[in-house]
Amino acid sequence: MNNNDIKDRVFKGVGVSPGIVIGEIFTIDRFRINIPKRKIKQEDIPFEKERFIHAVEKAKEQLIAIKNNIINKKEQKHSFIIDVHIMILDDSAFFNGILDMITRERINAEWALDIVTKKIVADFDNIEDPYLRERKSDIKYISNRVLRNLIGKKDSPLSKTNGKVVIVAHDLSPADTIQLNLNNVAGFVTDIGGKTSHTSILARSLGIPAVVGLGKISRMVEDGEQIIIDGNRGVVILNPSQQLYNRYLSLQQHFYYLEKRILKLSHLPAETLDGHRFLIEANIEFVDEVPSILDHGAEGVGLFRTEYIYIAKDHLPTEEEHFQIYKNLVEQVYPKRATIRTLDIGGDKLIFNNEASNEKNPALGLRAIRLCLKEKEIFKTQLRAIYRASAYGNLRIMIPMISGLEEILEIKAIMQEIRDELTDKKIPFKDNLPVGIMIEVPSASIIADILAKHVDFFSIGTNDLIQYTLAIDRINELVSYLYDPLHPSVLRLIKNIVNAAHSRNIEVGLCGEMASEPIYTLVLLGLGIDSLSMNPIAIPKIKRIIRRSTFREAKRLLDIVFKCNNAKEAEEIIRKEMIKRFPDII
Ligand code: PEP
Ligand code: MG
């Protein structure tokens, strides 16, 4: 029986970029290569090392050729990913690690490559931040390219596709993605990957619907078969029947009609019907995202995560490198404001070629500001660059993981030192640069009234606040069912933070994932949050909810929620209410 005879095979994965696509399949790089493993003689070691070095050189040439071949402007801005890949090839943990392994274990290059790659990838698994953790896919990609060169396997023929196709792959690397003619790509489907893998980020920023994490789908399909991707729900349908085809065609038309309408209204202010104005901003990782967030109606950058600046290099970023990035950011966002968060990374997993941290509990360890106050030179380099960039736009500094007042006082002393230094050198900066803190540790939430006296704003990081309050590791799927933004303890903490901020007349924002979920919008308004910073895709929807609500009803809903004894009860009430009020959005 031909695959085409089986209709409506439905698969459920993770929708990472919204939209509905009906198209033809084009598969790439579906099958894994078997790794040859053999012991070698002492006298063959130089030859084996030479083979490896040659394979690495060839990989570099291939990557440079891919980069030079990118003609499309939209894709060019992502070509930095290829630079990251070239850096990985040069990294000593990778390059020397493999050469040492060949010599020490007397094994062939392919085997040594496999062992070292697995070790580096395992080190990455311990990284707290989901975005950085996903960077292991870059290492796997590079390793696979070197492996192909070692065993003489050609690249998949992916540069030429005819007409619009849906790309189906085991794992689509960023380099694969940008060498495709993206004008011909209608959607992406992959076996593995998550919301924060590079390809997902790229798909979102290019507006191409994508579903990932579909198990073994790449082995079950043939080129030319028909496929439907529903990036909103994470659903993929192979060989749809006429009935499903028609249904998705009308869903697709409806989706794009709504998108257009929502986007058209996304530039209107987030003001309730009874005149309460909220600020809606975007969370970003790359300056490249700025044009897209502005298109989606962002009124600024509420969280610029700077971790990627560190991970994308094989050395610690210099002050000048930081400065150019921040200057570019504030200039592009101006006159709107950009909030730059200082480094939030844990342990000594700071740069790629360091040994992994030995900390048993990295989330409770030397993370974020704790690390910065220990490694002061790293912190000062970043701060100096931020202060220098402040002369070029509307910038705020935000410090993550504050747990008590001492940290703030120490940071302020360092900032004073930096300001004095810049003044001495006659380097311009904004003197009254707002300095705020993330409130994401329960201790900080409880003493928010004390902290509010010393900073210019708060931003609530619910991703961490929930993790620490409910004692659930945010990266452990075994306890993810306990992750409840509506847990009474979390709501009480948020309320306490808002009261503390408002009694000192400082702004309180919220930049955790909770801000992007339409279901929580009224609750957050009712709590009195002044600004929400979120995934840019969510902005039009959230603004739309706010513009169709009153502050009064948000407060009423919150009163009911506060009477609930647990998150489940609260969730049921809110879901029911929000679906009734916004059936077209929720
Ligand atoms: C948070 O903790 O809610 C937050 C926004 O920061 P991150 O997810 O980067 O820890
Ligand atoms: Mg956080």
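Note that the coordinates shown come from a computational prediction; the quantities given were computed from them, not determined experimentally. Read the numbers this way: they start at 1 and go in the same order the structure lists the ligands and their atoms. What you see below is based on every heavy atom in this structure, not just the backbone, and it leaves out hydrogens, waters and symmetry mates. The chain is numbered in sequence order, starting from 1.
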The complete set of salt bridge (Lys or Arg N to Asp or Glu O under 4.0 Å) pairs with one or both residues in residues 485-494, sequence neighbours excluded, reads none

Is any protein N, O or S atom closer than 2.8 Å to the Mg ion (ligand 2), and if so, which? Glu440 OE1, Asp464 OD2

Select one of side chain, backbone, both or neither to describe which atoms of [X] lie under 4.0 Å from any atom of ligand 1, heavy atoms only.
X: Met398; result: neither
X: Arg341; result: side chain
X: Arg305; result: side chain
X: Ile460; result: neither

Residue-ligand contact Glu307/ligand 1, heavy atom below 4.0 Å: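 The answer is no, since Glu307 has no heavy atom less than 4.0 Å from ligand 1.
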
Within the structure, is a non-hydrogen atom of Arg367 found at a distance of less than 4.0 Å from ligand 1?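 Distance cut 4.0 Å: Arg367 passes for ligand 1.
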
Using a strict cut-off of 4.0 Å, indicate which atoms of ligand 1 neighbour a heavy atom of [X].
X: Cys511; value: 5 (C)
X: Met438; value: 4 (C), 5 (C), 6 (O)
X: Gly461; value: 1 (C), 2 (O), 3 (O)
X: Glu440; value: 1 (C), 2 (O)

Quick test of your reading of the structure: of Leu303, Asp464, Leu465, whose heavy atom lies closest to atom 10 (O) of ligand 1? Asp464

Which of the listed options, Asn283, Val441, Asn463, holds the heavy atom that is closest to atom 1 (C) of ligand 1?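 Of the listed residues, Asn463 has the closest heavy atom.
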
Identify whether NZ of Lys or CZ of Arg in Arg388 sits under 6.0 Å from the centre of the six-membered ring of Phe429 and within 45° of that ring's axis.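 Judged by the rule (NZ or CZ under 6.0 Å from the ring centre, within 45° of its axis), Arg388 is not positioned above Phe429.
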
Between [Y] and [X], is there a salt bridge with N-O shorter than 4.0 Å?
X: Glu299; Y: Arg337; value: no
X: Arg233; Y: Asp230; value: yes
X: Glu572; Y: Lys568; value: yes
X: Lys376; Y: Glu410; value: yes

Tyr326 vs Phe304 aromatic rings, parallel, tilted or perpendicular, using cut-offs 30° and 60°?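 Taking Phe304 first and then Tyr326, their aromatic rings stand perpendicular (interplane angle over 60°).
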
Is a side-chain donor or acceptor of Glu289 paired with a backbone partner of Phe286 at a separation under 3.5 angstrom?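 The answer is yes, because a donor-acceptor pair under 3.5 Å joins these two groups.
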
Using modelled atom types and a 3.5 Å cut-off, is there a donor and acceptor pairing between side-chain atoms of Lys543 and backbone atoms of Ile280?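 Looks like no, no N/O pair under 3.5 Å.
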
Using the rule given for side-chain contact (heavy atoms from CB on, under 4.5 Å), can you reason through Phe94 versus Thr117, listing the C-alpha separation, both sets of side-chain angles and the distance that settles it, and then say yes or no? CA-CA 7 Å; Phe94 182 79; Thr117 304; 4.2 Å; yes

If you measure only the distance, is there a donor-acceptor pair under 3.5 Å linking the side chains of Glu281 and Ser531? no

Below the 3.5 angstrom mark, is there an N/O of Glu513, backbone or side chain, next to an N/O of ligand 1? no

Does the gap between the ring centers of Tyr310 and His315 come in under 6.0 Å?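 Not under 6.0 Å, so no.
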
